[in-house]
Amino acid sequence: MAIITLNSISRTYNSKQVPVHALNCIDLSFDEGEFTAIVGPSGSGKTTLLNIVGGLDDPDEGDVVIDETKINALSGNEKIKFRLHHIGFIFQAYNLIPVLTARENVEFILELQGVPKSERKKRSAELLEAVGIPEKADIRPRQLSGGQQQRVAVARALASRPRFVLADEPTANLDSASAENLLAIMQELNQKENTTFIFSTHDERVVKMARRVVTLQDGKIKTDETS
Amino acid sequence: MSVNIKRYKNSLRQTPAGGFTGLVKIAWRNLWRNKRRTLITVSSIFFGVIFSALMGSMQEGSYQKMIENVVRFYAGHAQIQHHDYPDHQTINNSFVPGDSLLKKLQEYPELEMVVPRLESFALASSGNKTEGVMVFGVDPEKENRMTRLSDKVVSGNYFQHQGAMMGVDLADNLGLSVGDTLVMISQGYHGVSAFGQYPVVGIIKHPNPELNRRLVYLPIDEAQYFFQTFGNITSLALVGISQKAIDKVLPALKKNLDEELTLRTWQDMFPAVLQQIESDRATALIMKLILYLVIGFGILGTVVMMMAERRAEFSVMVAVGMYRYKLAFMLLMEILWIGLLGVLAGFLGTLPVISWFVHHPVPITGQAGEWMENIGFEPFMFFAWDVGVFLQQMAVVFVLTTLVSFYPFVRAFKVSPVIGEKN
Ligand SMILES: Nc1ncnc2c1ncn2[C@@H]1O[C@H](COP(=O)(O)OP(=O)(O)OP(=O)(O)O)[C@@H](O)[C@H]1O
Ligand SMILES: [Mg+2]
């Protein structure tokens, strides 16, 4: 059952005079519970694709349908609300609010949703446990290692039990041990919480852990393999 | 399945206030992220408040002193005069302060003093020297209570019921000293001729040199006798317990006056003083505006820098589902926290500083000081203890920070959820 469907998505950046076709007529769908890697050389359109799926950016042509919602047709605030409730995000860096502790960062999303405090506490404790750093709950990001910060980001992305999680090169700033570790955690949560994960990466070792690998090149799908 | 149900519940739980208390907390913590910058910004507001309050207090202090010089030592807050006296200041336009008028004036607790005067001109002579003089017929006791005239006596005594007092230069010019006799002639009420001789009981050194050359004080009955006005006076000076108090009763007073009388405020009588205060206020306002601009742009500078540094952070917040208006609210809180801290610190700093200056007026030395003394002012820079002035400056500086917070507020609504993308 597809939860995300991309119908002939195109995105062109008009930087300076030369238009860049970042995505060129992409058709793609993702099923519930998938654990998918988007790979491809630098500039192939991975970030652009994830931004469009997440409603952070709009396609110039085509539609993004999530469940029954055509999210590129939503207004700005509707998109924000949609993201808050249905999508988890993990970025390469700057994920966490620097003045909040790990726990508060996880609870931030829930607070925006108006989830009561007791429930927020329960959920953040559960997730910090799941990502393996319960002892860091009251520490601010500055005092966490890069890998620990990304684990908090994973916990935050899952806090509101989103429909799916988008992660743009979540391991790019990590050493390979931390990277594999993070992926293992993501994999486990993918199964335990039945949350769909779509992540982009350059890292071969990380790619191996994905069940499905979509390869982009010059804004087009080069291969789409499921193992 | 259970996941779906939970998700459904979540989507119903969007409360509009969701996260606002959290945002206040984040805003507060953000203040201390860059402690040095926050402290610099807070101190620029702090000094802004102190300087502008100090300036305001100095201004008001000098105005109060100027007004006091006019009001307390000369004119009173207002004077009751004959209707025609303002245009023709002659003894013929004098009036009798009737019992009913005096009684009426007593009914106002806002009035502290009611001081009668008879003013006119005469020729004073001694031997073969003659000078034109101003004769002030005053009630010795009341006049002294109002103007502390006795403080200005440099030789002899302050008069009681008889005799004359005169300016020190006038006495020199006429070759008179205490115990000598002053002879005056003039035209009295409705053209009768006036003649009198008075023992000089006191010599007065008035700060105003012109008055020193021209002043003769007589007890008011003597003056009335001299000018043959019998009971008439030229003015009834009114001193209120404060300017505010007198401003409140003036309209009623004015309405109740007899038709032949008129009421003139010190502002009516000395428009130049008022003009000087107003032009000084305008100059000071320009200086304050410059000060405000400097502070305002100082704060704006740090705010612009802060916004540039935190762009990625704001993008992430919007990306993960925070409404931009909440971001705007958070940034507003941050700036307002800074403004509040600065203004509060400024207020607490202002109190001791101004209190010190109020009790230790700054002496003005050199030529400026001499000049001030010559025109009858004390050579000091006075500061007023006027809480209204502090509050006003605090309010202005706070409004200033609020204005500055427009920048992040407006920018917040343009934050892109894509990290690194220009909005
Ligand atoms: N904001 C933008 N303005 C102009 N061109 C852009 C912008 N963002 C991306 N591009 C261009 O679009 C193309 C796709 O970029 P994208 O960031 O999606 O690639 P990517 O696969 O994520 O690359 P990387 O692996 O380096 O992150 C590139 O040619 C890039 O230069
Ligand atoms: Mg990228």
Side-chain angles (χ1 to χ4, degrees), chain A residues 13 15 32-33 47-48 50-52 54-57 67 76-77 79-101 104-105 107-117 119-120 123 140 142 153 156-157 159-163 166 168 193-195, chain B residues 1-35 38 309-327 329-330 333-334 413-423:
Chain A
Y13 291 109
S15 66
E32 184 155 22
T47 298
T48 307
L50 289 178
N51 284 348
I52 285 175
L56 303 177
D57 191 12
D67 290 328
N77 273 348
K79 274 197 199 110
I80 292 178
K81 187 173 173 185
F82 191 90
R83 292 198 296 265
L84 176 64
H85 290 283
H86 304 290
I87 312 178
F89 288 93
I90 304 164
F91 301 102
Q92 182 179 330
Y94 307 118
N95 266 300
L96 305 177
I97 298 171
V99 294
L100 297 184
T101 64
E104 287 166 337
N105 264 289
E107 290 183 19
F108 178 67
I109 303 277
L110 300 173
E111 204 174 340
L112 289 178
Q113 289 184 336
V115 174
K117 193 169 180 174
E119 210 172 311
R120 292 202 307 255
R123 181 71 176 147
R140 291 197 191 179
R142 197 159 37 87
R156 183 195 56 194
S160 67
R161 303 178 200 279
R163 201 81 169 98
L166 298 174
D168 191 12
E193 304 233 342
N194 192 30
T195 307
Chain B
M1 200 57 223
S2 78
V3 173
N4 272 327
I5 289 165
K6 269 192 181 150
R7 195 174 296 132
Y8 176 64
K9 273 203 219 146
N10 274 351
S11 68
L12 289 181
R13 225 190 263 119
Q14 171 79 359
T15 57
F20 270 106
T21 42
L23 292 177
V24 175
K25 179 180 69 188
I26 298 179
W28 174 255
R29 289 193 192 167
N30 275 328
L31 277 195
W32 308 109
R33 240 162 102 175
N34 195 331
K35 283 201 192 75
T38 300
E309 282 174 10
R310 290 167 59 190
R311 277 218 352 237
E313 186 182 323
F314 298 153
S315 288
V316 170
M317 286 175 128
V318 175
V320 301
M322 178 154 103
Y323 286 127
R324 290 183 181 86
Y325 75 82
K326 288 187 180 175
L327 180 64
F329 170 79
M330 182 190 90
M333 291 306 296
E334 285 184 28
F413 285 98
K414 295 181 176 163
V415 165
S416 161
V418 177
I419 297 173
E421 187 180 78
K422 291 241 162 74
N423 34 49

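Per chain, numbering begins at 1; letters A, B, ... match sequence-line order.
Using a 4.5 Å cut-off on side-chain heavy atoms (C-beta onward), A/E32 and A/R163 make contact. Side-chain contact between B/L23 and B/M333: absent, with no pair of heavy atoms (C-beta onward) separated by less than 4.5 Å.
Proximity to chain B (any heavy atom under 4.5 Å) is shown, for A/L56, by both the backbone and the side chain. Only the side chain of B/I419 comes within less than 4.5 Å of a heavy atom of chain A; its backbone N, CA, C and O stay farther away. Using a 4.5 Å cut-off between heavy atoms, A/N51 contacts chain B through its side chain alone, with no backbone atom that close. For a residue to count as touching a neighbouring chain, one of its non-hydrogen atoms must lie under 4.5 Å from one of that chain's; by this rule A/R140 touches chain B with the side chain only. Residue A/R156 touches chain B through its side chain alone, counting heavy-atom pairs closer than 4.5 Å. Contacts of B/R324 with chain A are made by both backbone and side-chain atoms, with heavy-atom separations under 4.5 Å. Heavy-atom distances place no part of A/A157 under 4.5 Å from chain B, backbone and side chain included. Residue contact with chain B, scored on non-hydrogen atoms closer than 4.5 Å, involves the side chain of A/F108 exclusively.
A salt bridge links B/R310 with B/E334; the closest basic N to acidic carboxylate O contact falls under 4.0 Å. Using a cut-off of 4.0 Å between Lys/Arg side-chain N and Asp/Glu carboxylate O, A/R123 and A/E193 are scored as salt-bridged. Salt-bridge annotation for B/R29 and A/E104: present, with a side-chain N of the basic residue lying under 4.0 Å from a carboxylate O of the acidic one.
Annotation: maximal heavy-atom pairing with chain A below 4.5 Å, among B/M317, B/K25, B/M322, occurs at B/M322.
Residues A/N105 and A/L100 come closest through the heavy atom pair ND2-O, 3.0 Å.
For the pair B/S315 (side chain) and B/S416 (backbone), a donor-acceptor distance under 3.5 Å is present.
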